Participant: 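Input: one structure, supplied below.
Since this is a predicted model, take the numbers as computed values, not measurements.
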Amino acid sequence: MPALAVDAVAPVAHAFACDAARFPAPLMGPAVAGADKSDAAAWSADLSSALYNVDGWGAPYFFVNDDGDIAVRPHGAATLPGQEIDLAKVVAKAAGPRASGGLGLPLPLLVRFPDVLRHRVEALNAAFDYAVRSTGYGGRYQGVYPVKCNQDRHVVEDIVEFGEPFRFGLEAGSKPELLLAMSCLAARGNPDALLICNGYKDDDYVSLALMARTMGLNTVIVLEQVEELDIVVEASRRLGVRPVVGMRAKLRTKHAGHFGATSGEKGKFGLNAAQILSVVSKLKVLGMLDCLQLLHFHIGSQIPTTALLCDGVGEAAQIYCELARLGAAMSVIDVGGGLGIDYDGTHSAQTDMSVAYSLEEYAAAVVAAVGRVCDRKGVAHPIICSESGRALVSHHSVLVFEAFSASAPGLIDPATGYILDELTDECRADYRNLMAAAVRGDFDTCGLYADQLKRRCVEQFNEGVLGLEHLAAVDGLCEIVARGMGAAEPPRTYHINLSVFTSLPDIWAIGQMFPIIPIQRLGERPAVDGVLSDLTCDSDGKVQHFIGGKHSLPLHELPVHGTRGYYLGMFLGGAYQEALGGLHNLFGGPSVVRVSQSDGPHCFAVTRATAGPSCADVLRAMQHEPEVMFEVLKQRADGATADALARAFGSMPYLSFDPEAASMASGDSSCMSSDSEGSAAGVAEEDDDEWEFMRGLTV
């Protein structure tokens, strides 16, 4: 410790706040030196768009409009002026009080845009169609949607309906997924649409798939293990149905990222070369080699480059041609998933959060790789199938949630300065030496004395010598010193009305990052660095890593008139998050609205609205009986208390605020367009039972 000749018993000044002035103003943080007010006035929506890289990850669907709100282009680049949907106004309509024309839905809120989903389906098929026509490829593209990405009824039905002109089908990986795929394709699908049956299989699964063929569905049973062939053969004989069979090949090609863990020779699924030959041999002996018509493989999700993609597709195409040479009636090559999403907007292959190609480049690479191998082998070009679920559904929904409070900035209370008089001699000496170093501008020495002072005070507090007031005063002083030395203010914690485990499970489970930004006030400078903390009683319930490798998120101060009204959106989360979410702390899913583009003045109509699960709903999910619980509690309650208990069972588990106070700052829901109001009112009247507090409970 550097030694300074300072009298340890010299009187300590009481001007605690004035000590900050000993540090040069440029070195002090805004909490001490004050922020430049002119910066806020110079800010713009375009600067916010650049700050959050909205054009990087959001194009062609999301942008910052002139009002400083996030807006949606429902038809991508083909969206006309006046068709853009202001997300803040959608939330105002959904969450606004009924008395003002809103739907009264509690947050968090999942906003689905079926027009975006339609555009994704059309764009995927258009990319492959162009690649086929431009290269003279002799086959066609015929994709399927893997329902595991998002099994929501309306999502699956929309994809089948939008994909019907393209013979677009479905992929299932379990018996319930197969049942929903069968039902949806039978009701809405193209007769030629593929129904791909992946995953581990038992006799019930295989029998169900064979029944689907008797119903006129174009079902293909993909063998994941050699043993599954015996199940298929036995079930087909018992039911008298000749199967169409595929095989999943275990390729050598794999990528090194997290999403490549299921690929390569040691991958979870698929048959190696010897097993493929064994299946072919057995089918030939059984006189069923003509049943083998499809080859499937999967390099892994989020394939980073087209170079890796071409390697995998080329290897698989070689296997396809070999199967054709061996006598199989091959007609389809299923390239699996892997078409990636640019979550961070960098258009690079450096992390799992981005990919270095466009949709069109992906399609061109697949078609070229298959065509090149087949031409060399003299094999007819097959139908190309892909299972591009993530690329289809990620963009179509936005999760909106509220930041309801934030930790206070590190401000120092000058009224605590007098307490320094009561410090022990050693601590007072450290304090005087610290201030002497500050006057000289020797900030390294200043920091050393600050650390020593804090350490001594903590020790003496633990020994009972100092009180809590002393500890707080010294903490404040050391904070001033840190700021004076140029230390950045630590990020403030914004508390969000959300469960990370329920609505953002991949953030917690695998470190996935999604774009998260404010959905309004983007015409103002976001002057606070923040991290997000959810409602759960779990230290992992937080978001502190953001796209771009950042450990904090630029945010605005919460509204000064209250703790409500600051809304954030999580984007590109339409795949996997809903199905993977759990019930940690018994927080259920969000409320949901479907929003379509319309010709009214505000460009949207709410076509469906559903409140999130109530407390009673999540209790039932864990085998509790809310009706019985209520009856037990009612015996100990008077009438008013019983009414309150009933409302508690019927409410959502999330925090609930005064709906009048929750109106969006950008405009009250009463200013919604007539088309939006009319459709929303219709939904509310149609689903009155969903809005009842009791959900079947009676007082």
Side-chain angles (χ1 to χ4, degrees), residues 144 146-148 170-179 181-182 194-214 217-254 260-300 312 315-316 318-320 322-337 385 387:
V144 296
V147 297
K148 69 179 181 180
L170 297 173
E171 180 270 347
S174 66
K175 283 177 275 191
E177 287 186 352
L178 179 54
L179 285 167
M182 290 168 59
L194 290 166
L195 174 50
I196 304 293
C197 300
N198 288 330
Y200 293 123
K201 302 167 191 71
D202 59 8
D203 182 72
D204 290 341
Y205 187 145
V206 171
S207 297
L208 197 58
L210 293 173
M211 292 177 203
R213 288 202 65 81
T214 67
L217 299 177
N218 191 8
T219 309
V220 182
I221 303 172
V222 178
L223 303 178
E224 306 275 3
Q225 297 177 299
V226 173
E227 296 81 6
E228 291 176 356
L229 178 59
D230 294 332
I231 300 174
V232 173
V233 171
E234 176 59 32
S236 66
R237 287 174 176 171
R238 185 179 71 253
L239 297 174
V241 179
R242 195 161 182 82
V244 173
V245 175
M247 282 193 293
R248 177 164 175 166
K250 187 176 291 187
L251 303 185
R252 271 78 169 176
T253 304
K254 66 169 300 194
T262 57
S263 62
E265 293 183 86
K266 297 182 179 180
K268 179 178 178 181
F269 299 105
L271 310 180
N272 59 31
Q275 291 170 325
I276 289 172
L277 290 173
S278 173
V279 169
V280 169
S281 176
K282 188 164 187 176
L283 286 172
K284 191 171 185 179
V285 170
L286 294 169
M288 297 176 65
L289 193 53
D290 62 307
C291 296
L292 179 57
Q293 299 181 19
L294 177 145
L295 179 70
H296 171 46
F297 67 95
H298 180 63
I299 302 173
E315 180 185 349
Q318 293 283 358
I319 298 173
Y320 177 93
E322 286 297 295
L323 291 173
R325 179 183 65 82
L326 293 171
M330 302 300 293
S331 62
V332 180
I333 184 167
D334 180 353
V335 302
C385 176
E387 302 176 6

Participant: Can you tell which of V222, V332, L223 makes a side chain to side chain contact (heavy atoms under 4.5 Å, CB included) with H296?
Facilitator: V222
Participant: Any idea which heavy atoms bring C197 and T219 closest together, and the distance?
Facilitator: SG-CG2, 3.5 Å
Participant: Identify, with sequence neighbours excluded, every residue that meets side chain to side chain contact (heavy atoms under 4.5 Å, CB included) alongside L179.
Facilitator: L208
Participant: Side chain to side chain contact (heavy atoms under 4.5 Å, CB included) with L277: which residues, sequence neighbours excluded?
Facilitator: L326
Participant: Between R248 and E224, is there a donor-acceptor pair closer than 3.5 Å when you use the side chain of the first and the backbone of the second?
Facilitator: no
Participant: If I take atom SG from residue C385 and atom CG from residue L194, how far apart are they, to the nearest 0.5 angstrom?
Facilitator: 5.5 Å
Participant: If I take atom CG from residue L170 and atom CD from residue E177, how far apart are they, to the nearest 0.5 angstrom?
Facilitator: 10.0 Å
Participant: In a check of side chain to side chain contact (heavy atoms under 4.5 Å, CB included) between L323 and each of Q318, M247, Q293, which one passes?
Facilitator: M247
Participant: Looking at E234 and R237, does any basic side-chain N land under 4.0 Å from a carboxylate oxygen?
Facilitator: no
Participant: Between the side chain of E315 and the main-chain N/O of G312, is any donor-acceptor distance below 3.5 Å?
Facilitator: no
Participant: First locate atom CD1 of I221, then atom OH of Y205, and finally report the distance between them rounded to the nearest 0.5 Å.
Facilitator: 8.5 Å
Participant: Heavy atoms only: give me the nearest M330-L295 pair and the separation to one decimal.
Facilitator: CE-N, 3.6 Å
Participant: How long is the straight-line distance from CG of L286 back to SG of C291, given to the nearest 0.5 Å?
Facilitator: 9.5 Å
Participant: At their closest point, which heavy atom of A273 faces which heavy atom of R252, and how far apart are they?
Facilitator: CB-NH1, 4.3 Å
Participant: How long is the straight-line distance from CE of M288 back to CZ of R242, given to the nearest 0.5 Å?
Facilitator: 5.5 Å
Participant: If we ignore hydrogens and angles and just use 3.5 Å, is the side chain of K148 paired with the main-chain N or O of E171 as donor and acceptor?
Facilitator: no
Participant: For A209 versus L178, what's the shortest heavy-atom pair and its separation?
Facilitator: N-CD2, 3.8 Å
